[in-house]
Amino acid sequence: MADPTNSEIAAAFDELGDLYELDGAIVHRVVAYRNAAKVTRDASVSVAQLTRAGRVTELPGIGATLETKLVALVESGDIPQAVRLRAKFPAGLLEMTRLPGLGPKRARRLYEELGIDSLQALETAARQQRIRDLRGFGARAEENFLAAIARATADADARGGGSGRFVLDRALAIAEPLLELLRAHPASHRVELAGSARRWADSVKDLDIIATADDPRALAEALTGSDLVESIAGLGDNGARVRTHNGMGVDLKVVAPDQFGNVLQHFSGSKEHNVALREAAVKAGLHVSEYGILDDATGETLRCATEEEVYAKLGYAYIPPELRENRGELQAARLEGGAGLPHLITVEDLKGDLHSHTVASDGRDEIEAMAEAAQALGYEYLAITDHSASHGFGDDVSPAQLEEQIERIHAANLAFDGIELLAGSEVNILPDGSLDYPDELLQRLDWVIASVHSSFSLGEREMTERVIAAIEHPWVDAIGHLTGRKIEARPPYALDVARIFEAAARTGTMIEINAAPDRRDLNDVHARAAAQAGVTILVDSDAHRTRTLAASRRYGIATARRAWLTAEQVANTRSWKDFAPLRKRARAS
DNA sequence: GCCGTTTTCGGCCCGACTGTTTTCAGTCG
């Protein structure tokens, strides 16, 4: 039997947590399962393999009991406790608890006292007004259940089974004009984005904006009056809540200047970061909330105008929002002067781009236009890497066409001063791990990036072998968009990334963080693990037109920052003189 | 169920809102 993947194990933990919750377990036990699911999902090594090696308790949040359950899952394919509880509670009951406003306690009473075991049964009972007779429930509860069911159904239809989250670039396309509007308003003082958008997460559910103002009501009305707003859900002296035309919720909170830091910190999250922050504070007799920091010793609440003050009062250096995921940033910021925090890479550190397309394949612009755009960004080098011979959609480049393209790029390189144009290719990794150009053609190029563009559904072992074969190829300098995921649209393919990082580090093959906002692949967790494994990292735009050469950079850099990367850890922050010898082909000759 | 610069046992964040209640449990973020 194949080992369960990390996401399958995480799903099993989530399910068991839900079942235990229905079974009336104490909340901390349920939280332990949800935490273990998250840790497993984020792990860059195979948790099944770690279990077989007897080392799985090295993961934070996995102890002896969960290890026993993991062993059962890996060896028999299931967890005995889950089998038992599935028999006790119908599947529809779990679905009922996912309805907003209905939790495990009340769902279980509906089941035991009225026999309601599905959303369907709940809807029927509510219509028949049978729920109001239950102690603790009323007519209002029936209305709310019916409304929640209707909303859940409508939402599911509207997004065709999606999650209702927005990829970050779409969210920022709303957030940035709104921030500009609010900052330009005469009543406003401070206006900052909070929430997961401020942490540069892959996708966001809604937008949170925190502000201070002379006239809070006037600022709230400025938001509700924006062209972007479709409907107003709330408007008052403390802010406003609106929905934009593309269905995104935006929440503006106007707060007192002396607690702006507390509120901004609180609403920037993440939840995991804040919980860990508060737990650590309690041990020092401090209680943190959005309103301030209550000191047990003095009984007084400290309000902070800035986030810097919040972190300083709690004994930390300032923590950049991208790091606030409870992945070790609190411990690192605790050291003297925050010495454990990395000096994070910025967009300005980039000196070149190693992945771009032109009209030769599926790009929109010519070589010269791409070169000019790269020069405008201050780049010293740009690799033109059009698709290869087997690429579909009529975007394939035959070996003969590539020969011509090499001539064109080299001619353009002579015509441009101050920028090195590399004749390259984004070559397809075929299902058997071979490449779709002959070796002698690959050898003549200045740069080769290899990517998977077909047969996404191979098993983990086959897919891993496929990519490692490319990594071990002498003329492959780098691997493109390693996992193939499209954020909110397509899951990553099955890969053993730990083995791949080992092979890449061993062979000196670079791996890119593809900066396209719907890819960001490597993701933050993988990029951090890759760097720790000794892999040389790139941040590439994968631009298909001049505009995205510039526009995608900040998403790739955001992922690098969320991976704790410094400029030194990203190869294309180096000058051309220092980058050129890092290429595998340069080291081979 | 996890975990240890107050603990190997007894802790394990904080506050708002809701609905059904006369003081609070459940749910959510």
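Numbered from 1 within each chain, the chains take letters A, B, ... in sequence-line order. None of the values given here were measured: they were computed from a predicted structure. All values below come from the heavy atoms of this structure, side chains included, with hydrogens, waters and symmetry mates left out.
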In this structure, how many angstroms lie between the [atom2] atom of [N] and the [atom1] atom of [X], rounded?
X         : N       : atom1 : atom2 : value
Phe145(A) : dT18(B) : CZ    : C1'   : 12 Å
Leu16(A)  : dG1(B)  : CG    : C1'   : 11 Å
Leu286(A) : dT6(B)  : CG    : P     : 13 Å
Lys38(A)  : dC2(B)  : NZ    : P     : 18 Å
Lys69(A)  : dC2(B)  : NZ    : C1'   : 13 Å
Phe137(A) : dT18(B) : CZ    : C1'   : 13 Å
Phe13(A)  : dC2(B)  : CZ    : C1'   : 13 Å
Gln265(A) : dC13(B) : CD    : P     : 16 Å

Could you tell me how far [M] sits from [N] if I compare only their [atom1] atoms? Round to whole Å.
N       : M       : atom1 : result
dT6(B)  : dC2(B)  : P     : 23 Å
dT7(B)  : dC12(B) : P     : 15 Å
dC13(B) : dG29(B) : C1'   : 13 Å

Does [X] place a side-chain N or O at less than 4.0 Å from the phosphate oxygens OP1/OP2 of [N]?
X         : N       : result
Tyr291(A) : dA16(B) : yes
Asn144(A) : dT18(B) : no
Ser289(A) : dC13(B) : no

Restricting both atoms to N or O, compile the protein contacts to nucleotides 7-12 of chain B shorter than 3.5 Å, with distance only.
from, atom 1, to, atom 2, distance (Å)
dC12(B), N4, His28(A), ND1, 3.3

_Please list, in numerical order, the residues of residues 247-258 of chain A that have a heavy atom closer than 4.0 Å to any atom of DNA chain B._
none
*Which residues, if any, of residues 314-332 of chain A bring a heavy atom under 4.0 Å of DNA chain B?*
none
With sequence neighbours excluded, tell me which residues meet salt bridge (charged side-chain N to carboxylate O under 4.0 Å, His left out) with [X].
X         : answer
Arg190(A) : none
Arg490(A) : none
Arg106(A) : none
Asp169(A) : none

_Does anything in residues 134-151 of chain A form a side-chain hydrogen bond (donor to acceptor under 3.5 Å, both in side chains)? List the pairs, not counting sequence neighbours._
Arg132(A)-Glu142(A)
*With a 4.0 Å cut-off on heavy atoms, is Val27(A) in touch with a base, just the backbone sugar-phosphate, or nothing at all?*
nothing
_Pairing residues for Ala305(A) by the side chain to side chain contact (heavy atoms under 4.5 Å, CB included) criterion, not counting sequence neighbours_ = Glu309(A)
_Under the side chain to side chain donor-acceptor pair (under 3.5 Å) test against His273(A), which residue among Arg278(A), Arg324(A), Glu325(A), Glu329(A) passes?_
Glu329(A)
Close N or O pairs between protein and nucleotides 26-29 of chain B (under 3.5 Å):
from, atom 1, to, atom 2, distance (Å)
dT27(B), OP1, Gly103(A), N, 2.7
dT27(B), OP1, Gly103(A), O, 3.0
dT27(B), OP1, Arg106(A), N, 3.2
dT27(B), OP2, Lys105(A), N, 3.4
dT27(B), O5', Gly103(A), N, 3.4
dC28(B), OP1, Leu99(A), O, 3.4
dC28(B), OP1, Gly101(A), N, 2.9

*Quick one: ring-ring contact (aromatic ring centres under 6.0 Å, His included) pairs with a partner in residues 5-36 of chain A, sequence neighbours left out?*
Tyr20(A)-Tyr33(A)
*Tell me, which pairs form a ring-ring contact (aromatic ring centres under 6.0 Å, His included) where one or both residues lie in residues 56-111 of chain A, sequence neighbours left out?*
none
*Are any side-chain N or O atoms of Asn6(A) and backbone N or O atoms of Ala43(A), one a donor and one an acceptor, separated by less than 3.5 Å?*
yes
Are [X] and [Y] close enough for a salt bridge, meaning some N to O gap below 4.0 Å?
X         : Y         : result
Arg554(A) : Glu176(A) : yes
Arg485(A) : Asp521(A) : no
Glu67(A)  : Arg55(A)  : no

